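Have a look at the structure below before the remarks.
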Protein chains: 2
Amino acid sequence: MAHYPFRRLQSDLADLIASLPPESKLPSEPALAHQLRVSRATLREAMRSFEGQGLIRRRQGVGTFVVGQVPVIDSGLELLESIEKLAQRIGLAVSVGELQIEELSAGEDCATALGISVGLQLTRISRVIYTDSHPVAYLVDTLPGDVLSVDELHDNFSGSVLDLLLRRGTPSLAYSRTDIKAIGASPEVARKLQVQRDDVLLHFVASLYTTSGRVVDYSFSYFLHGYFRFHVVRRVG
Amino acid sequence: MAHYPFRRLQSDLADLIASLPPESKLPSEPALAHQLRVSRATLREAMRSFEGQGLIRRRQGVGTFVVGQVPVIDSGLELLESIEKLAQRIGLAVSVGELQIEELSAGEDCATALGISVGLQLTRISRVIYTDSHPVAYLVDTLPGDVLSVDELHDNFSGSVLDLLLRRGTPSLAYSRTDIKAIGASPEVARKLQVQRDDVLLHFVASLYTTSGRVVDYSFSYFLHGYFRFHVVRRVG
DNA sequence: CAGTGGTCTAGACCACACG
DNA sequence: GTGTGGTCTAGACCACTGA
């Protein structure tokens, strides 16, 4: 009972995408809509699904492209490691861009998360991780100003706050408590990761603890579908 | 620079939702679109965002409602526990519906995951978990027919395959390897969870191992935003 | 500049829930 | 039946990219 063009369209579009070589460009939306005999709005609804599955990639002003197989960063969550370290292990080159380092005053959320008073000075580092010029993750770390200063960052930052703290050796880090969520991309995050608003992202909210129990880093991470495979081993109670 | 009505609309809608008591009904979409001076399509785009954040809930043929605070099931991922056990611990009543028990032959994916041959008989249990008559999770477990038969299920099933196997005591279970993803809801999953197509869901793909290393359960789980908070403690390497 | 995807409109019809 | 949200259309204009 395919009442809706959408079902047919999904399968037509799937066939079309499968028939094209990776990296190739799809016809423009108006052309494709006419060819598949649906309105552009309906076509775009279907394309949204395929983009969410990582099969195509749309870029404003450029076109829509078939995505080939990409290297996957597979990681167990029991250990906390930087993306750089993970990528290095599987021989994948990653780069850092859209780097922003700023000072700010602690708002209520950050103050609570970091266990400090509202208004204290914080250091915030945000950046995008790329593999092969595609953005794959957007990371925002917020630390108390006395733990990491903006000045120190300008000299030493290579992409990972964790690696920087480990290299420095102090404070002594113990573990991270990480909340795991699925969210739709906010306009800001969507822009950074070059995806559409409300596209599906895996989202980690993490608090990094020292051995003395202090929280020294409150971080938000956003991961694009397809480039990462996170897993966890769960013991039977 | 609010070039688009969308930005203004987001804030107008947020104000409206915040001003209404929980559980209350919003005006119909055509009425609201006229009131906020946007087209219905644009309004629905904005509403999609808010539904993704769990602030409203749309039900076809009924209306759109403000969602109040809901009890959150908070769980560490290190231990494998059934949703029933988790809910029970925080005093939350859950129920099971849309229960389907079926036999099928192993396709390639299931055969690989379960370490068996293609074509062997499997038992599949799918069901929806509700709290307070709202669906919150959709679970699909697939097991080899010799591990769990359809007949045995009809007598003993209470909602959790894990609890059933543990109650039975055999096979002896050790751990689960769980992949964690964020996905948009497929039409089937969307229908089961009473959400829209492509709505954001947290998705677990898990293989349950016995102490002897055999995989006895390959499961897919889909979790609605807002009802669960999953976290993991990550040791610094 | 031309061509692309991104947003928006106004209107229509369909599927569903409930009285 | 009535009213709701779900889908779809045809067309328009905006913002971005790259030649």
Side-chain angles (χ1 to χ4, degrees), chain A residues 1-10 12-13 24-52 56-67 133 184-188 190-199, chain B residues 1-10 12-13 24-52 56-67 133-135 184-188 190-199:
Chain A
M1 292 283 283
H3 284 124
Y4 294 118
F6 184 82
R7 298 291 179 90
R8 171 181 65 74
L9 181 57
Q10 274 205 319
D12 287 356
L13 203 55
S24 61
K25 188 162 173 291
L26 267 64
S28 74
E29 292 188 354
L32 202 50
H34 181 261
Q35 178 183 328
L36 297 174
R37 319 221 274 185
V38 294
S39 72
R40 212 185 133 203
T42 304
L43 173 68
R44 283 176 56 74
E45 271 297 295
M47 283 190 151
R48 173 191 284 246
S49 289
F50 285 91
E51 186 172 40
I56 60 173
R57 188 76 168 251
R58 291 185 283 181
R59 292 175 56 202
Q60 184 170 1
V62 184
T64 301
F65 300 85
V66 178
V67 173
S133 79
S186 68
E188 182 212 351
R191 189 180 60 75
K192 298 274 190 184
L193 290 175
Q194 294 175 29
V195 297
Q196 299 332 117
R197 214 186 339 105
D198 294 331
D199 270 6
Chain B
M1 292 283 284
H3 284 124
Y4 293 119
F6 183 83
R7 299 291 179 91
R8 172 181 64 74
L9 181 56
Q10 275 206 318
D12 286 356
L13 245 190
S24 60
K25 189 161 172 291
L26 267 65
S28 74
E29 291 188 355
L32 202 49
H34 180 262
Q35 178 182 327
L36 298 175
R37 296 149 174 279
V38 293
S39 73
R40 210 184 135 203
T42 303
L43 173 67
R44 281 175 57 75
E45 270 298 293
M47 282 189 153
R48 170 187 284 238
S49 289
F50 284 91
E51 187 172 39
I56 60 175
R57 187 76 168 248
R58 291 185 284 181
R59 293 173 56 198
Q60 184 170 3
V62 184
T64 302
F65 300 85
V66 178
V67 172
S133 79
H134 287 76
S186 69
E188 181 212 350
R191 190 181 60 75
K192 297 273 190 184
L193 290 175
Q194 295 175 28
V195 297
Q196 298 333 115
R197 215 184 338 105
D198 295 330
D199 270 6

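Because the structure is a prediction, the values reported are computed rather than measured. Every chain is numbered from 1 and lettered A, B, ... according to where its sequence line falls, protein lines coming before strand lines.
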Let me know the distance between CD of B/Glu29 and P of C/dT9, rounded to the nearest Å.
14 Å
note: B/Leu26, atom CG; D/dG5, atom C1'; distance rounded to Å ~ 12 Å
The side chain of B/Thr64 lies closest to which of these nucleotides: C/dT4, D/dG5, C/dG5?
D/dG5
Does a side-chain N or O of A/Arg44 approach OP1 or OP2 of C/dG5 to a distance below 4.0 Å, or not?
no
Please report, rounded to the nearest Å, how far the C1' atom of C/dA15 is from the CZ atom of B/Arg58.
15 Å
Is any side-chain nitrogen or oxygen of B/Gln60 closer than 4.0 Å to OP1 or OP2 of C/dA17?
no
For A/Glu45, answer base if it contacts any base atom (sugar-phosphate contacts may also be present), sugar-phosphate if it contacts only those atoms, and nothing otherwise; contact means non-hydrogen atoms under 4.0 Å.
nothing
Tell me the closest heavy-atom pair linking A/Arg8 and A/Arg37, and the distance in Å.
NH2-O, 3.9 Å
Separation of D/dA10 atom P from A/Leu43 atom CG, nearest Å, is 13 Å
Closest-nucleotide ordering on DNA chain D, the 5'-leading residue of A/Ala41 and A/Arg59:
A/Ala41
In Å and rounded to the nearest 0.5 Å, what is the CG to OG distance from B/Leu193 to B/Ser186?
9.0 Å
Of the nucleotides C/dC8, D/dG5, C/dT4, which one has an atom closest to the side chain of A/Ser28?
C/dT4
Could you work out which one of D/dA10, D/dG6, C/dG5 sits closest to the side chain of A/Ser39?
D/dA10
Rounded to the Å, how far apart are B/Leu36 CG and C/dT9 P?
11 Å
Check the distance between C/dG6's C1' and B/Leu9's CG and give it to me in whole angstrom.
16 Å
Specify the closest pair of heavy atoms between A/Leu9 and A/Thr42, including all atoms of both residues, with the distance to one decimal.
CD2-O, 3.6 Å
It should be established whether A/Thr42 places a side-chain nitrogen or oxygen under 4.0 Å from OP1 or OP2 of nucleotide D/dT9.
yes
What is the distance, rounded to the nearest whole Å, between atom CZ of B/Arg48 and atom C1' of D/dG6?
11 Å
hbond_proxy B/Arg40 side chain to D/dG6 base (donor-acceptor, 3.5 Å cutoff)
yes
Heavy-atom pair of closest approach, residues A/Arg57 and A/Gln194
NE-O, 3.8 Å
Salt bridge flag under 4.0 Å for residues A/Arg48 and A/Glu29
no
Taking atom P of D/dT7 as reference, at what distance in whole Å does atom CZ of A/Arg37 sit?
22 Å
